[in-house]
There are 2 protein chains.
Amino acid sequence: MYAISKKSKYALRALAELARRYNQGPVLIAELSARQHIPKKFLELILLELRNQGILGSKKGKGGGYFLARTPSGISLGEIIRALDGPLAPVPCVSQTAYRTCEECNDEATCGIREVMQDVRDATTKILDQESLADMLRREELLEQKRNRVPVYAI
Amino acid sequence: MYAISKKSKYALRALAELARRYNQGPVLIAELSARQHIPKKFLELILLELRNQGILGSKKGKGGGYFLARTPSGISLGEIIRALDGPLAPVPCVSQTAYRTCEECNDEATCGIREVMQDVRDATTKILDQESLADMLRREELLEQKRNRVPVYAI
DNA sequence: ATCTAGTCTATCTACTGGATAGACTATTAA
DNA sequence: TTAATAGTCTATCCAGTAGATAGACTAGAT
């Protein structure tokens with residue numbers, strides 16, 4: 001089913017990098033592309049979209065580049081994914097941000113599928129809307145520490 | 001993002017109908033198609049696939065048709081969706097049933113995105129693998145009752 | 001035997017995800 | 001003020017998939 005597109009995944013990685021370097025000035029597309037192994041031209045489109053959505057800011061000319069428009073704790077993963085992949089809901093009829101009726105549903109009010117899908121939506125938005133870029137970086141730090149405590153004894 | 005395809009949605013509706021008529025003999029594709037407003041030829045493919053996966057049984061010839069291979073409480077929504085749409089995981093690198101490494105991930109063990117997506121996967125599989133067809137029908141009954149208790153006073 | 005109904009293969013169209021090319025424009029440092 | 005730099009935008013492109021349809025084939029019931 002694979003709900004997250006490559007686009008969003010690339011975006012998350014690029015934004016994580018920008019969050020790590022928050023307040024250290026603009027970062028070049030070329031640099032992000034190289035460090036995160038993201039096709040440069042594709043990344044351009046992604047960053048542009050994120051800028052239009054108010055998540056990123058940019059600066060042109062020499063010394064320019066992209067930077068977070070807000071603090072890393074003020075940007076949620078849910079917001080990022082919604083910006084690029086649209087609504088988080090598994091089916092249109094349970095979307096909060098882009099509701100659309102199922103044309104063939106005999107009666108939406110008593111549809112069991114819908115109720116279950118609503119639960120799924122609630123569960124995923126709860127996670128993704130709570131989790132900020134800052135939270136995600138914190139997770140990475142913890143994972144890093146954990147790995148260092150459990151070294152792999154191999155040559 | 002819309003994780004559930006029409007195929008799965010059609011399947012859920014058809015299976016709900018078959019669950020409602022469990023132990024009442026085979027049901028014709030044509031009848032399922034008509035009652036649930038599902039394109040007949042498309043439904044054929046879906047039912048065939050579900051049969052190959054051991055979720056449905058079929059009987060040929062006059063008086064034939066499709067029927068549930070197991071009891072409605074023994075078939076989970078997760079199983080159905082997996083059969084038609086593949087793994088429930090939002091990204092391949094957190095799938096239990098079809099793990100695939102992210103080719104460009106610098107270090108999967110410390111990937112924050114991955115950890116969050118794991119949480120999302122856990123949350124959705126918890127719901128979908130717990131919920132059986134029987135549970136879903138029960139939900140519909142409850143919704144029905146609820147509606148009858150809150151009548152709409154309109155002409 | 002023959003009718004009925006499921007099975008299977010092939011095919012089609014439209015759409016979308018992922019990606020690339022290249023011209024254009026704004027900024028800034030020299 | 002101009003050359004270099006770096007972001008912006010539009011146009012495409014290709015492959016794969018979703019959704020759907022057609023028709024021949026096969027097994028079973030009566």
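Since this is a predicted model, take the numbers as computed values, not measurements. Lettering of chains follows the sequences in order, A, B, ..., and the numbering in each one begins at 1.
- Here the side chain of A:F42 is nearest to one of D:dC9, D:dG19, C:dT20, namely C:dT20.
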Check residues 78-96 of chain A and write down every donor-acceptor pair under 3.5 Å in which the side-chain atom is one partner and the other belongs to a residue at least two apart or another chain.
unit_1, atom_1, unit_2, atom_2, d
A:E79, OE1, A:R70, NH1, 3.4
A:E79, OE2, A:R70, NH2, 2.7
A:R82, NH1, A:D129, OD1, 3.0
A:R82, NH2, A:D129, OD2, 3.0
A:D85, OD1, A:S5, OG, 2.6
A:D85, OD1, A:S8, OG, 3.3
A:D85, OD2, A:S5, N, 3.0
A:D85, OD2, A:S5, OG, 3.1
A:D85, OD2, A:S8, OG, 2.9
A:S95, OG, A:T97, N, 3.3
A:S95, OG, A:A98, N, 2.7

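- The separation between B:L43 atom CG and D:dG19 atom P is 14 Å, rounded to whole Å.
- Annotation: proximity of residues 91-98 of chain B to DNA chain D (heavy atom, distance under 4.0 Å) is found for no residue.
- Each side chain to side chain donor-acceptor pair (under 3.5 Å) pair with one or both residues in residues 109-123 of chain A, not counting sequence neighbours, appears once here: A:D107-A:T110, A:E115-B:R139, A:D119-B:R139.
- Of the candidates B:K146, B:R20, B:R13, B:E140 forms a salt bridge (Lys or Arg N to Asp or Glu O under 4.0 Å) with just one, namely B:R20.
- Both B:D85 and B:L45 sit near DNA chain D, but only B:D85 has its closest nucleotide nearer the 5' end.
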Between protein and nucleotides 23-30 of chain C, map the contacts as a letter string: B base, S sugar-phosphate only, - none, heavy atoms under 4.0 Å, written 5' to 3'. ---SBS--
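- What separates CD1 of A:I46 from C1' of C:dA19 is a distance of 10 Å, to the nearest Å.
- With DNA chain C read from its 5' end, the first of the two nearest nucleotides for A:Y10 and A:E44 is the one closest to A:Y10.
- Distance CD1 (B:I4) to C1' (D:dA18): 14 Å, rounded to an integer number of Å.
- Distance, B:L48 CG to D:dC25 C1': 14 Å, rounded to whole Å.
- A distance of 5.0 Å separates CG in B:L56 from CG in B:L50, rounded to the nearest 0.5 Å.
- Residue pairs that meet the ring-ring contact (aromatic ring centres under 6.0 Å, His included) test with at least one member in residues 94-125 of chain A, sequence neighbours left out, do not exist here.
- For B:K7, whose side chain is taken as the heavy atoms from C-beta onward, the closest listed nucleotide among D:dT21, C:dG18, D:dG19 is D:dG19.
- In this structure, A:Y22 has no ring pair (Phe, Tyr, Trp, His ring centres under 6.0 Å) partners at least two apart in sequence or on a different chain.
- Residue pairs satisfying the ring-ring contact (aromatic ring centres under 6.0 Å, His included) criterion with at least one member in residues 23-56 of chain B, sequence neighbours excluded, are listed as follows: B:Y10-B:F42.
- Residues satisfying the salt bridge (charged side-chain N to carboxylate O under 4.0 Å, His left out) test with B:E141, not counting sequence neighbours, are B:R138.
- Listed by first then second residue, pairs satisfying ring-ring contact (aromatic ring centres under 6.0 Å, His included) with a partner in residues 69-88 of chain A number zero, not counting sequence neighbours.
- As a whole-Å value, the separation of A:L47 CG from D:dA6 P is 15 Å.
- In this structure, A:S58 does not reach the D:dA6 phosphate: none of its side-chain N or O atoms is under 4.0 Å from OP1 or OP2.
- Applying the salt bridge (charged side-chain N to carboxylate O under 4.0 Å, His left out) rule to pairs touching residues 24-45 of chain A yields A:E17-A:R35, A:R21-A:E31, A:E31-A:R35, A:K41-A:E44, sequence neighbours excluded.
- Less than 4.0 Å separates DNA chain D from no heavy atom of any residue of residues 13-38 of chain B.
- Rounded to a whole Å, the NZ atom of B:K6 is 11 Å from the P atom of D:dT21.
- In this view, B:Q145 satisfies the side-chain hydrogen bond (donor to acceptor under 3.5 Å, both in side chains) rule with no residue, not counting sequence neighbours.
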